[in-house]
2 protein chains.
Amino acid sequence: MTRTTLLPAMQNAATSDTIAQALSLAIHEHRIAPGTKLGEDELAEIYGVSRTVVRASLQSLSHLKLVDIRRNKGAKVASPSLTEAHEVFEARELLEPRTARSAAKLATPSDIALLERHINEEHTALDAADPGRALYLSGLFHTEIARIANQSTIAGFIETLVARSSLIIALYWRRESALCEKHAHHALVRALADHDEEQAEALMRSHLVDLHSALDLRERNVRAPSLKEALSQ
Amino acid sequence: MTRTTLLPAMQNAATSDTIAQALSLAIHEHRIAPGTKLGEDELAEIYGVSRTVVRASLQSLSHLKLVDIRRNKGAKVASPSLTEAHEVFEARELLEPRTARSAAKLATPSDIALLERHINEEHTALDAADPGRALYLSGLFHTEIARIANQSTIAGFIETLVARSSLIIALYWRRESALCEKHAHHALVRALADHDEEQAEALMRSHLVDLHSALDLRERNVRAPSLKEALSQ
DNA sequence: GAACACATAATTGTATACAATACAAGAAGA
DNA sequence: TCTTCTTGTATTGTATACAATTATGTGTTC
């Protein structure tokens, strides 16, 4: 149950995939903020590999829209615009309710147990004052449901949407407590366990609408990181 | 209206993006079959660049699931399984009808004109006995509708699904004539022009169901390329 | 002090060299 | 003849070197 404290903590072989995963996790957990520059040399030294490998990782993350690469300018952690933020949540509202319905049809007892374990871990993270990790686990809950639905193509889409949601939350989150999710996730698990497809779909839809409306997506209320950074792009 | 005859026909600078685009087009148009090996040296020579650039292109295409990269084994044009084929069309049936509805709300006269031009080009390609190009244009029709709907996130998903559909069609297509599409696309354009959202959504849905059922997705009816190739993987 | 030009440093883009792995063919043995 | 091992070749994985571009800092001018 121990977890990596700093970015890497790679003990031995760092491949392109493991680096991408480590960075993705760090972004998920808000240990790296949107807009942060990701220099190739810097990362290469951290992970003890050459720029070649780092570049592959960054390109991979840029395809997931977690990282923004611009020619001759390097890579930054993406900072989604208001438009993108709306789009991501609208896409989730289109995909996830239907997926939750399928998951309700297919969920096995062991699936349910896994989901409950996720909720518990999320709880522990919140108690440990680790909101970043809680957020990551909360996202994992959604991707796990997509996996249960046994539609790996759609699950892949949802995975990227959840990842991008993490960036959006970092930029536009309004409410102070993330606890509002707890009940929603619990209720969803119950619906899945009962194979109540209708209920699962409805709960997922309202949960997402709730999340969407918990964002401060009014024009220009974006928290500007710094003047210099705002103008550099 | 001239088009590139062979794979590359790059006149000058070949960047990672242009190579990926050229390969993508070639796959779309069925000039490269699923399962074809894409050697790095080979492509590097064709496009007059180093393997570095080629690798970036291939990785990019592998994220779109057009190319299958396996560690130390290299890249091949993907050949989607039956399961994947079903998933792709199910995802399209989930995403595209709703998107067509949005497009019906937003379509401008110039959008309609563009779509009609696409249909005409598709027609010309069919007359010119170029079914590959017709298929590509047919896909472009769908991605164009997604673009009109002004939801670039979902449009991106649809784009990848359309691309993968091209591979699926190459493997599992049953009907002889692709002409069945002509009427469906025409009717859709009319619905979009009339801003008839209900009709657009319904037409898109039935069009996709039609496409899906036009595939021979019965177990094990896959056309095996060759024994050697079948065993090599 | 502000704006510009230029030189220098830092960073990314691309090519190449070398290492590691997989594939194929042939030799040795039963 | 078949199996298994060995060896050679081809291909991919990674590191490094160099080229191209961007960023930075300094001095100059107004």
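Order of the sequence lines sets the chain letters (A, B, ...), proteins ahead of strands, with each chain counted from 1.
- A/E87 and B/S152 are linked by a side-chain donor-acceptor pair at a separation below 3.5 angstrom, with hydrogens and angles left out of the test.
- Taking atom OH of B/Y47 as the reference point, atom P of C/dA15 lies 15 Å away to the nearest angstrom.
- In this structure, B/R164 pairs ionically with B/E84, as a charged nitrogen and a carboxylate oxygen lie closer than 4.0 Å.
- Side-chain N/O atoms of B/H212 and B/H207 include no donor and acceptor closer than 3.5 Å.
- Checking C/dT14, D/dA15, D/dT14 against every side-chain atom of A/V49, the shortest atom distance belongs to D/dA15.
- In this structure, the CZ atom of B/R55 is 12 Å from the P atom of D/dA15, given to the nearest Å.
- Donor-acceptor pairing under 3.5 Å is recorded for the side chains of A/H142 and A/R92.
- Straight-line distance from the CG atom of B/D41 to the P atom of C/dT16: 11 Å, rounded to whole Å.
- One atom, CG of A/L58, and another, C1' of C/dT12, lie 12 Å apart when rounded to the nearest Å.
- Remark: P of C/dT21 and CZ of B/R70 are 19 Å apart, rounded to the nearest angstrom.
- Ring geometry for A/F141 versus A/H185: interplanar angle under 30°, hence parallel rather than tilted (30 to 60°).
- For the pair B/E45 CD and C/dA15 P, the interatomic distance rounds to 14 Å; values are reported in whole Å.
- When the C1' atom of C/dT12 is taken as reference, atom NZ of A/K76 falls 14 Å away, rounded to whole Å.
- We find that CD of B/Q59 is positioned 12 Å from C1' of D/dT12, with the value rounded to whole Å.
- Residue whose closest nucleotide on DNA chain D sits further toward the 5' end, between B/K37 and B/T52: B/K37.
- Considering all non-hydrogen atoms of both residues, B/V53 and B/A14 come closest at CG1-O, 4.3 Å.
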Filtered N/O pairs between nucleotides 17-22 of chain D and protein, under 3.5 Å:
residue, atom, partner, partner atom, Å
D/dT21, O3', A/N72, ND2, 3.4

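- At a threshold of 4.5 Å between non-hydrogen side-chain atoms, the residues B/L66 and B/V77 do not count as touching.
- When distances are taken from the side chain of B/E40 to each of C/dA15, C/dT12, D/dT12, the shortest belongs to D/dT12.
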